[in-house]
Amino acid sequence: METTAYRYRLTFCKEESVRFTSHLDLHRAWERTFRRAGLPLAYRQGFNPRPRINIGSALPLGYTSKAELLDFWLEEELDTKTIARALTRAQAPGLPVREVRRIETRQPALQAQINSASYLVRLDDPPPGLLIQTTVDGLMNAASLPRERRGKSYDLRPLIETLLVKREGDAVQLEMTLSAREAATGRPGEVLRAMDLDPACAHIQRTKLIITQLEEN
Amino acid sequence: MNTDEVERLLGRILPTVQKPGRYTGGELNQIVKEWSTIPTRMALAFPDIYDLGMSNLGLAILYDILNRQSDVLAERVYLPWSDMEAAMRQANLPLYSLESKHPISEFDILGVSLPYETLYTNTLNLLDLSGIPLRGEERTGGHPLVIAGGHAALNPEPMAAFIDAFVIGEGEEVILEIVRTFKDWKTRQEPRGTLLESLAQIWGVYVPSLYEAHYLEDGTLSHIETRSEKAPVPVLKRIVPKLPPPLTRFIVPFIDVTHNRVPIEIMRGCTRGCRFCQAGMITRPVRQRPVAEILDAVEKALAHTGFEEVGLLSLSSSDYGPILELVRGVNERFAGRHLNVSLPSLRIETFSAELMESLKESSRRSGFTLAPEAATERMREIINKPVSTEQLLDTAREIFSRGWHTIKLYFMIGHPSETLEDVRAIADLCKAVLKEGRRIIGKRAQVNAGVSTFVPKPHTSFQWVPVDATDQIQAKQELLKKELRGPGLKLNWNKPEETLLEAWLSRGDRRMGEVILRAWQHGAKFDAWQEHFRYDLWMRAFDDVGLNPDFYTLRERPIDETLPWDHIDAAVKKQFLTEDYLWSLNGRTRIDCRERCFACGILPKYADLRRAHPGETWECPEVRSPRHKSHAKDHLPTPA
Ligand code: SF4
């Protein structure tokens, strides 16, 4: 059993320069940031004790984000402002700290709380807005969108909560909210492929991770 | 190509390659200076992938030293892995620096780290990917000055055609002299030849184009001729008299690299005198850092990096005088910080029970590596590593009884005069160690034997001896594979072809350069990577050039032969090496020269430096002050 520890939730960005850092590498980058910050991280016991850090919902390689979530446990209770300041001073380039909150220790695991994720997609060479809108309508009106991932077939349609075309002058962007539950995760790249667009020519940014129970206000 | 274009192409390419984090830069503690305002720009290259290059301490030190200068900037470059190389070549993307994404060809100086010989074809690939002419003679004032340093540079001859200047020895001081000389030359706008001549004037810099090699009819070297009176003979190795405080602001990679740790060099040089060991000879004299300085450096480095491991490095860490005090100090100071301490290269006989007790607190490894190198006492006398089997077994018992369950044992086969009996003894010794383990901790005990094949290296007592022929190596390896089987035992070995490659390159002369070039043209690269190494390409290259590989490997060189590196003075006298070689043939050993100086040549060569830096941090005996010069002469050690 773990000893008493104080649980906090960090919101951070993943910027352009670190968009190719994998989930695992990101975890280590944060461990080191906490060490540099001199914060008393709680450790899991064992032969090779690991710090108690938990990053929610892995972000695919190549995406940027404005709102990644990370839960961490400290051995001491510290003021969130103090923590945020220490983390900001120690932060790795490309991983700025946005917010630190104290949360209820006995809450379920971070990943279990995340329901959906929103993304903003910028296309290098977008087709005309009207065409995109027609494609989007087609997708949203489909009864099912059978797709395959790693040899397993699944239905993409129920994983798409919203899909909007956003126009700003000439620029056309896509806004989407996809299911992000553990067994039902929608991937923006798959949505693009379903629209016959090349994900390699898109800049995808996660804009929000949505936790239903905490978002009632 | 400008940096925006590089970035744009990268955006396209990176999603398609493995581990794109190797190619992005942007890590914590990297230094990006304003390109347009800095007059002298240097690219520091490790000619292999990022994962390996990021662990290279030498380059990290130079990066720090150079970037401390307000008028210099230094950026990093590594080689792309094959997938990235293919993508870059297809997109016409030249090799670029990680910091500012400038093409390497736009830097003033390209500095290449050459710690071992199997990086030679990679170095050609590095130049090619940068669009820099491979041969020094084809470069003009508009191309970067290509310099190289590292242990392999102690025999610079095989790479002489491709490198404009070599740093022989330690780089900490000389690098700034090179940069200054370059800057002066650039402002004077003189021809490239002038730059090379001025560089040759710097202590520790070798400019190969100022020297010419002449050969005898039998293919051996007749002599080296200098082409300019500015070219010194011999070129004396550079050393720093006192180790500067260790680097603490290391770049922290985002991706997983070979060594994820803070590397702190605690001592440089080695006084043991193992006859096969090049590093032990070329890094003399022994200089130690004080414990307090090391502890402070660890503290700072942890604060700067957040690393979870610290490596206390040296050629023989347990020979560091106050080793116990150091390990205890680390334990005390960093208790509760979940710090893992690694202490590579522990010597069997100095590996005390107390040291093990102290390491237990801070080392989370599951086992230890010991390097007896040979298994019979006769062989150990020949190589001058006189450890008794009893000492080894004692150490093994200590390790197992403290709860560790794996012992790695390093051996080398192919030492001079080795017989199959000596090889069989390796298997017997491994089994004996395993038996101790079984007795103490039962079935969990594990012995991993790493058996490499001896490659004679320049500037060692064995620089004249032949390498085992392929069939001899195979016979020895077969014997080991047969004998070292069963639960609890594991054997690692190298293919004989890999050994041969290292052997040609290590003692090659200038003509070897053509072989390296041909091999690279045929497609050889990443020769240090088993899955990439192509023996057939090298055989084709030897064939093309008309050289016989056996000339470099199987031949025993006469003592009076001119060796390709004779004009490079590693400060240990050839006379000393000769004598030591003859001693070895008689099974005579030398003790640690900290107990008794054997007059290897270091002291007279650096007498002034020694005098200026008295005391214990430099392990050779003190020399007297210049006022007593006449007496000092008698005081200097004479060859035994
Ligand atoms: S000069 Fe003497 S003490 Fe110094 S390294 Fe040589 S043999 Fe050892």
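The figures that follow rest on heavy atoms only: side chains count, while hydrogens, waters and symmetry mates do not. Here is the naming used below: chain letters follow the sequence lines, and residue numbers restart at 1 for every chain.
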Practice item. Answer yes or no for A:R149 and A:Y154: cation-pi contact, defined as NZ/CZ to six-membered ring centre under 6.0 Å and angle to ring axis within 45°. Key: yes
Practice item. Tell me whether the guanidinium CZ or amine NZ of B:R261 lies under 6.0 angstrom from the six-membered ring centre of B:F307 and within 45° of its axis. Key: no
Check your understanding: How about B:F107 and B:W35: are their ring centres within less than 6.0 Å of each other?
Key -> yes
So does [X] pair up with [Y], basic N to acidic O under 4.0 Å?
X      : Y      : result
A:R19  : A:E16  : yes
A:R193 : A:D198 : no
A:K66  : A:E15  : no
A:D71  : A:R7   : yes

Review point. Does the side chain of B:S97 come under 3.5 Å of the side chain of B:E75 through a donor N or O and an acceptor N or O?
Key: yes
Check your understanding: Can you find a side-chain donor-acceptor pair between B:Q30 and B:R76 that sits under 3.5 Å?
Key -> yes
**Study point:** Option that, when pairs with chain A are counted at under 4.5 Å, heavy atom only, ranks first among B:N260, B:N29, B:L302, B:T16
**Key:** B:N260
Study note, to complete from the structure: Ranking B:E308, B:H304, B:E27, B:R12 by heavy-atom pairs under 4.5 Å to chain A gives rank one to B:E308
Check your understanding: Measuring heavy-atom distances to chain B, does A:A200 have an atom under 4.5 Å in its side chain, in its backbone, in both, or in neither?
Key -> neither
Check your understanding: For chain A, which residues of residues 326-340 of chain B have at least one non-hydrogen atom nearer than 4.5 Å to it?
Key -> B:R337, B:H338, B:L339
Revision key, fill the gap. Residues of residues 84-98 of chain A with a heavy atom under 4.5 Å from any heavy atom of chain B, in residue-number order, are A:Q91, A:A92, A:P93, A:L95
Exercise for review: State, yes or no, whether a side-chain contact exists between A:Q113 and A:Q107 at a heavy-atom distance under 4.5 Å.
Suggested key: yes
Review point. Under 4.5 Å between any side-chain heavy atoms of A:Y8 and A:I83, yes or no?
Key: yes
